[in-house]
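Numbers for residues simply follow the sequence, beginning at 1. Order of appearance sets the numbers: ligands from 1, and atoms from 1 within every ligand.
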Amino acid sequence: MRVNNPVIGLTGGIGSGKSAACARFAELGAAIVDTDDIAHQLTAPGGAAISALRAAFGDAIIDPRGALDRPAMRALAFADGDARARLEAILHPLIRAESARRCAAASAPYIILAVPLLIESGDYRARCTRICVVDCPEALQIERVRRRNALDEAQIRAIIAAQASRAQRLAAADDIIDNSGSLADLHRQVDALHLRYLAAAAPGSTSS
Ligand SMILES: CC(C)(COP(=O)(O)OP(=O)(O)OC[C@H]1O[C@@H](n2cnc3c(N)ncnc32)[C@H](O)[C@@H]1O)[C@@H](O)C(=O)NCCC(=O)NCCS
Ligand SMILES: Nc1ncnc2c1ncn2[C@@H]1O[C@H](COP(=O)(O)OP(=O)(O)OP(=O)(O)O)[C@@H](O)[C@H]1O
């Protein structure tokens, strides 16, 4: 599927601030395609992945509403690499296809394609004009996720261990948002990138 407008791949470790950055890009007029949102829709009651997940993992990972039981699946997936690989084998092809569809349908000067596993999986890098990494120290990721989800530190560390390292992500970055400061600091950096992405989207421009 062909996408004409620039696609900015946005990634970062758990709790780095991807959603906060996306919210600001959206306020400024970017189209947002968020693979976490797609994964949640696929696993909501009646979602396209539910029957395959039930067949693979049994009723214990389906909640009474017919949705994926996220805490149960999280506990399984981040304690057992084989279970995580089976979960990803079900969800990732569906997420890849739906995110490509949404990018093709988007009408905005540029698209933010937010993918936590952009470095790690799939063909996402090849789809992106630039890669933007939201970065902060691991201790801050842990503190922010603890506050947001009430996960314990060991669970958060297990998720971080399943992701690319901070150094690997930074090495792949064309642009870096340093989210170790306040939300106002984050917004200032997003505002500056927005102007660059708009300029890259202008007819006749070359992105560099
Ligand atoms: C294991 C699940 C059920 C836990 O649900 P939960 O509500 O706690 O997390 P949520 O989906 O909101 O994801 C939060 C963050 O966890 C991290 N994460 C999610 N899946 C993975 C994974 N397979 N590997 C490493 N980190 C992951 C990301 O940083 C993501 O932003 C869920 O994360 C899931 O279904 N993961 C598999 C799908 C996937 O790989 N999604 C990433 C988008 S490509
Ligand atoms: N600069 C900041 N100052 C204070 N809190 C922040 C800042 N940036 C993000 N947060 C908060 O930290 C938490 C994690 O941020 P956010 O949800 O944007 O991260 P994420 O990268 O999307 O996480 P995930 O990988 O889990 O999807 C949220 O509760 C968010 O409101």
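- From the protein, the heavy atom lying nearest to atom 18 (O) of ligand 2 is Ala20 N, 2.9 Å.
- Across all their heavy atoms, Ala83 and Phe57 have their closest contact at O-CZ, 3.6 Å.
- Residue Gly15 has at least one nitrogen or oxygen atom sitting less than 3.5 Å from a nitrogen or oxygen atom of ligand 2, judged on distance alone.
- Contacts with ligand 2 closer than 4.0 Å are made by no heavy atom of Ala21, backbone or side chain.
- Under 4.0 Å from ligand 1, the heavy atoms of Leu87 that appear belong solely to its side chain.
- Those atoms of ligand 1 that come under 4.0 Å of a heavy atom in Arg74, given as number and element, are 1 (C), 4 (C), 8 (O).
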For side chain to side chain donor-acceptor pair (under 3.5 Å), just list the numbers for Arg127 and Ser99, CA-CA rounded to whole Å, side-chain angles, deciding distance to a tenth of an Å, and then say yes or no.
CA-CA 11 Å; Arg127 295 189 200 172; Ser99 59; 3.0 Å; yes
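- Under 4.0 Å is where a charged nitrogen must lie from a carboxylate oxygen, and between Asp80 and Arg84 no such pair does.
- For atom 11 (O) of ligand 1, the closest heavy atom belonging to the protein is Arg70 NH2, 2.9 Å.
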Check against side-chain contact (heavy atoms from CB on, under 4.5 Å), Arg144 and Asn179:
CA-CA 11 Å; Arg144 288 174 178 163; Asn179 192 26; 3.2 Å; yes
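- Close approach to Gly13 involves these atoms of ligand 2, each under 4.0 Å from a residue heavy atom: 21 (O), 25 (O).
- Under the 3.5 Å distance criterion, the side-chain polar atoms of Gln189 are matched with a main-chain donor or acceptor of Asp178.
- For the pair Gln141 and Ile156, the minimum side-chain heavy-atom distance is 4.5 Å or more.
- Residue Leu186 does not touch ligand 2, judged by heavy-atom distances below 4.0 Å.
- With contacts defined as side-chain heavy-atom distances shorter than 4.5 Å, the pair Gln155/Val145 does not qualify.
- Among Arg148, Gln163, Gln141, the residue whose heavy atom sits closest to atom 28 (C) of ligand 2 is Arg148.
- Using a 4.0 Å heavy-atom cutoff, Ser180 is absent from the residues neighbouring ligand 2.
- Around atom 3 (C) of ligand 1, the closest heavy atom drawn from Leu91, Leu94, Leu68 belongs to Leu68.
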Test log, rule side chain to side chain donor-acceptor pair (under 3.5 Å), inputs His194 and Arg24 = CA-CA 10 Å; His194 169 70; Arg24 184 64 171 185; over 6 Å; no
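- Heavy-atom distances between His92 and ligand 1 reach below 4.0 Å in at least one pair.
- What sits closest to atom 19 (O) of ligand 2 on the protein, heavy atoms only, is Gly17 N, 3.1 Å.
- Using a 4.5 Å heavy-atom threshold, the side chains of Leu10 and Leu113 count as separate.
- Here Arg130 contributes atom CZ and Tyr110 contributes atom OH; the two are 12.5 Å apart, rounded to the nearest 0.5 Å.
- With hydrogens left out, the protein atom closest to atom 15 (C) of ligand 1 is Ile14 CD1, 3.9 Å, a heavy atom.
- If you check which protein heavy atom lies closest to atom 14 (C) of ligand 1, you get Asp36 OD2, 4.3 Å.
- Every atom of ligand 1 with a heavy atom of Phe78 under 4.0 Å away is listed here by number and element: 1 (C), 21 (C), 22 (C), 24 (N), 25 (C), 26 (N), 27 (C).
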- prompt: Should Thr43 and Arg70 be marked as a side chain to side chain donor-acceptor pair (under 3.5 Å) after you check the CA-CA gap, both sets of side-chain angles, and the distance that decides it?
  reply: CA-CA 9 Å; Thr43 55; Arg70 310 192 73 80; 3.0 Å; yes
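- In terms of polar-atom proximity, Tyr124 is not counted as a contact of ligand 1, lacking any N or O under 3.5 Å from an N or O of the ligand.
- Looking at Arg166 and Asp135, a side-chain N of the basic residue comes within less than 4.0 Å of a carboxylate O on the acidic one, giving a salt bridge.
- The atoms of ligand 2 that sit less than 4.0 Å from any heavy atom of Gly181 are 1 (N), 2 (C), 3 (N).
- Here Asp191 does not pair with Arg188 in a salt bridge; the nearest charged N to carboxylate O distance is not below 4.0 Å.
- Proximity of Lys18 to ligand 2, defined as any heavy-atom pair under 4.0 Å, is shared by backbone and side chain alike.
- Looking at Leu117 against ligand 1, only its side chain comes within 4.0 Å, counting heavy atoms.
- For the pair Thr35 and ligand 1, the shortest N or O to N or O distance does not fall below 3.5 Å.
- Protein heavy atoms are found less than 4.0 angstrom from atom 14 (C) of ligand 2.
- Ion pair Glu153/Arg146 flagged as a salt bridge, since at least one NZ, NE, NH1 or NH2 atom sits closer than 4.0 Å to an Asp/Glu carboxylate oxygen.
- Comparing Gln163, Glu88, His40, Arg148 against atom 22 (C) of ligand 1, the shortest heavy-atom distance belongs to Glu88.
- No side-chain heavy atom of Ile111 sits under 4.5 Å from any side-chain heavy atom of Ile8.
- Atom NZ of Lys18 is separated from atom CD1 of Ile32 by 13.5 Å, given to the nearest 0.5 angstrom.
- The option from Leu140, Asp185, Asn179 that lies nearest to atom 8 (N) of ligand 2, judged by heavy atoms, is Asn179.
- Only side-chain heavy atoms of Asp36 come within less than 4.0 Å of ligand 2; its backbone N, CA, C and O stay farther off.
- For atom 12 (O) of ligand 2, the candidate residues are Arg144, Glu143, His187; the nearest heavy-atom contact is made by Arg144.
- Residue contact annotation: Ser16 has a non-hydrogen atom under 4.0 Å from ligand 2.
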